[in-house]
Amino acid sequence: MKYKVVKFGGSNLKDSQGIKKVVKAIRNYNQPLVIVVSAFYGVTNNLIDAIQLAKDDKLNADDFVHAIGTQKINTMLELVSNKQLTLEFKCELDKRLHKLKSYLLGISFIKDVPPFLYDEILSYGERLSSLLLVHVLKSEGIDCSEALPEDLGLITDGEFGNATVNFKLSAENLNQKLSNDKTYIIPGFYGISDEGKTTLLGRGGSDYSASAIAACLHAQSLDLWKDVPGFLSADPRIVDDAVVVESLTYAEAAELAYFGSKILHPRTPEPLAKKNIPIRIFNIENVNGELKPATIINGEETITEKVIKSVSYSDDFGILKLLGSGVGVKPGILAKSTSELDNAGINIKSIITSQTTINILLSQKDLYKAKSILEKKDIQGISEIEVCNDISLIAAVGEGLTTQYGIAGRMFSAVARRGINIQIISFGASPVAVYFIVNKKDRNETISEIHNDFFVYENCCERCI
Ligand code: ASP
Ligand code: MG
């Protein structure tokens with residue numbers, strides 16, 4: 001029988017109450033599972049802060065490690081009464097905390113953070129979660145073991161901070177190491193380089209770990225347990241009547257994740273799409289009773305009546321505008337500019353060009369750095385470089401969006417009705433998404449207007465419109 005890979009995130013792992021729900025969810029399956037876990041809520045951020053403090057020689061490593069350990073021990077004691085298991089847990093916890101402390105002390109000592117050490121330290125959030133969960137599950141009588149990525153051979157390309165899984169090697173290793181009559185708990189968020197170094201899979205990367213593991217094992221499904229009702233048609237903080245989207249294609253889910261939807265890491269769908277393994281999203285609050293996913297992501301392309309399935313946004317975009325009358329005709333300007341940014345490790349999110357302007361969409365944090373790099377290079381043909389900030393990128397996603405007549409027109413008319421100015425539109429670059437840029441101050445109104453037009457007004461009387 002094929003495994004199901006099941007992932008629990010930090011929002012499921014806050015305290016003993018949260019872990020009780022996790023145990024219930026696991027019990028619901030009634031079969032051995034491969035379980036991937038994130039760090040406890042907030043722990044990765046705490047580790048990042050601790051590294052910075054250690055570098056500035058301001059960290060009390062004893063206190064820091066003690067606080068993390070106390071959280072884990074208290075949670076364990078609230079859940080498990082078996083003395084032997086508690087003892088085993090404490091013993092292994094001490095070992096891991098001792099290592100963590102030594103790494104932090106090392107940073108204080110050398111006042112520097114080598115990338116390999118940064119990745120190693122950050123992986124401790126997940127390593128402590130898996131250690132705790134395996135002991136809790138054992139106390140519940142579930143036959144399980146912890147399986148660390150280094151022992152399994154979850155191999156990456158070795159890039160620190162943002163590694164990619166080597167599927168070929170990892171699949172061979174994982175299929176050899178995991179027998180399918182037992183439950184395994186694997187810490188997410190990291191894999192191992194060829195040289196055996198811990199390499200992180202990017203922030204929020206435990207979804208991607210779980211997806212990579214599911215792909216390697218040819219799993220039946222990847223089940224992601226969240227503390228939200230599923231993928232929604234819009235952010236419920238902006239739109240009161242957002243509805244759950246019951247099914248999405250891999251491409252739709254990837255676009256939504258990339259353009260701001262927090263529910264899924266953008267790299268999650270890709271490994272599974274190739275093998276047609278469904279991603280099922282569950283709400284941990286509905287853990288009682290039958291296993292009914294809130295949203296299913298698979299390869300079935302469905303064009304719904306509304307066409308648009310969800311509208312999401314991201315504020316983490318800025319535009320670097322390269323201006324010059326020749327940018328559209330002079331060869332090489334785009335290549336030179338992008339390779340300079342690439343050399344500086346700056347990730348380009350998108351590019352939209354015209355005859356006189358190249359608009360490079362970047363993360364906020366890279367915007368001014370990119371500007372100064374290109375200004376220094378003084379590339380022939382670019383006469384001016386401007387930065388455009390305070391913007392939001394809105395993405396409307398749905399299969400059929402770029403092929404069905406009138407959908408984009410309807411969407412932009414809805415926005416225009418509110419007198420909102422759209423700065424840039426990208427239509428057709430992705431077959432399932434249209435994205436455009438508005439001033440940040442107009443973001444919420446833009447989203448509600450589109451959402452109203454497609455999801456609400458058609459159910460109302462004419463006066464509402
Ligand atoms: N703990 C890691 C992070 O906060 C990975 C994850 O939660 O997915 O980025
Ligand atoms: Mg997470």
Side-chain angles (χ1 to χ4, degrees), residues 5-15 18-19 21-22 25 34-52 64 67-68 71-72 75 96-97 100 103-104 113 115 117-133 146 148-150 154 156 159-165 185-192 198-215 222-228 231 253-254 256-258 260-272 279 281-282 284 297 314 316 347 363 365:
V5 175
V6 179
K7 187 234 152 186
F8 297 96
S11 54
N12 306 138
L13 301 166
K14 271 185 192 152
D15 49 26
I19 294 185
K21 291 181 196 162
V22 166
V34 170
I35 300 169
V36 178
V37 286
S38 306
F40 263 46
Y41 184 78
V43 167
T44 308
N45 287 341
N46 294 342
L47 289 166
I48 293 174
D49 294 343
I51 290 173
Q52 188 55 45
F64 175 73
I68 295 196
Q71 180 199 38
K72 297 292 178 301
T75 313
R96 293 190 193 185
L97 291 177
L100 175 61
Y103 295 142
L104 288 166
V113 193
L117 202 47
Y118 184 88
D119 282 23
E120 179 69 25
I121 291 176
L122 253 59
S123 71
Y124 271 75
E126 274 66 16
R127 290 172 192 269
L128 300 182
S129 288
S130 56
L131 180 66
L132 178 71
L133 190 62
E146 190 188 27
L148 301 176
E150 54 269 49
L154 184 67
T156 69
E159 183 182 335
F160 291 113
N162 196 24
T164 298
V165 170
I185 296 105
I186 305 178
F189 192 32
Y190 75 94
I192 296 297
T198 295
T199 46
L200 297 180
L201 302 170
R203 277 314 302 269
S206 53
D207 278 357
Y208 173 56
S209 310
S211 150
I213 291 167
L222 168 65
D223 293 358
L224 303 174
W225 285 82
K226 305 276 168 181
D227 64 344
V228 290
F231 255 103
L256 285 170
Y258 188 69
S261 172
K262 300 275 179 303
I263 188 166
L264 191 71
H265 189 277
R267 296 174 86 184
T268 314
E270 200 211 307
L272 303 174
I279 304 172
I281 297 184
F282 291 89
I284 196 98
I297 300 160
S314 170
D316 185 24
N347 177 38
S363 174
K365 69 174 186 345

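In each ligand, atom 1 is the first atom listed, and ligand 1 is the first ligand listed. Predicted, not measured: the structure shown is a model, and the values here were computed from it.
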Check if G204 has a non-hydrogen atom at a distance under 4.0 Å from any atom of ligand 1.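 Judged by the 4.0 Å heavy-atom criterion, G204 does count as contacting ligand 1.
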
Sub-4.0 Å heavy-atom contact, G205 with ligand 1: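 Heavy atoms of G205 do come under 4.0 Å of ligand 1.
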
State whether the shortest distance between N or O atoms of T44 and N or O atoms of ligand 1 falls below 3.5 angstrom.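 Yes; the residue has a nitrogen or oxygen that sits under 3.5 Å from a nitrogen or oxygen of the ligand.
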
Regarding [X] and [Y], is there a side-chain donor-to-acceptor distance under 3.5 Å anywhere?
X: D316; Y: S363; result: yes
X: E270; Y: Y208; result: no
X: T268; Y: S211; result: no
X: T164; Y: R267; result: yes

Main chain of I48, side chain of Y118: is a donor-acceptor contact present, judged purely on distance under 3.5 Å?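 No, because the side chain of Y118 does not come within donor-acceptor range (under 3.5 Å) of the backbone of I48.
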
Which atoms of ligand 1 sit under 4.0 Å from any heavy atom of S38?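 Atoms satisfying the 4.0 Å criterion: 6 (C), 7 (O), 8 (O).
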
Heavy-atom proximity to atom 1 (N) of ligand 1, best of E126, R203, H265: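 Heavy atom nearest to atom 1 (N) of ligand 1 belongs to E126.
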
Where on S206 is there a heavy atom closer than 4.0 Å to ligand 1, on the side chain, on the backbone, on both, or on neither?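 Both backbone and side chain.
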
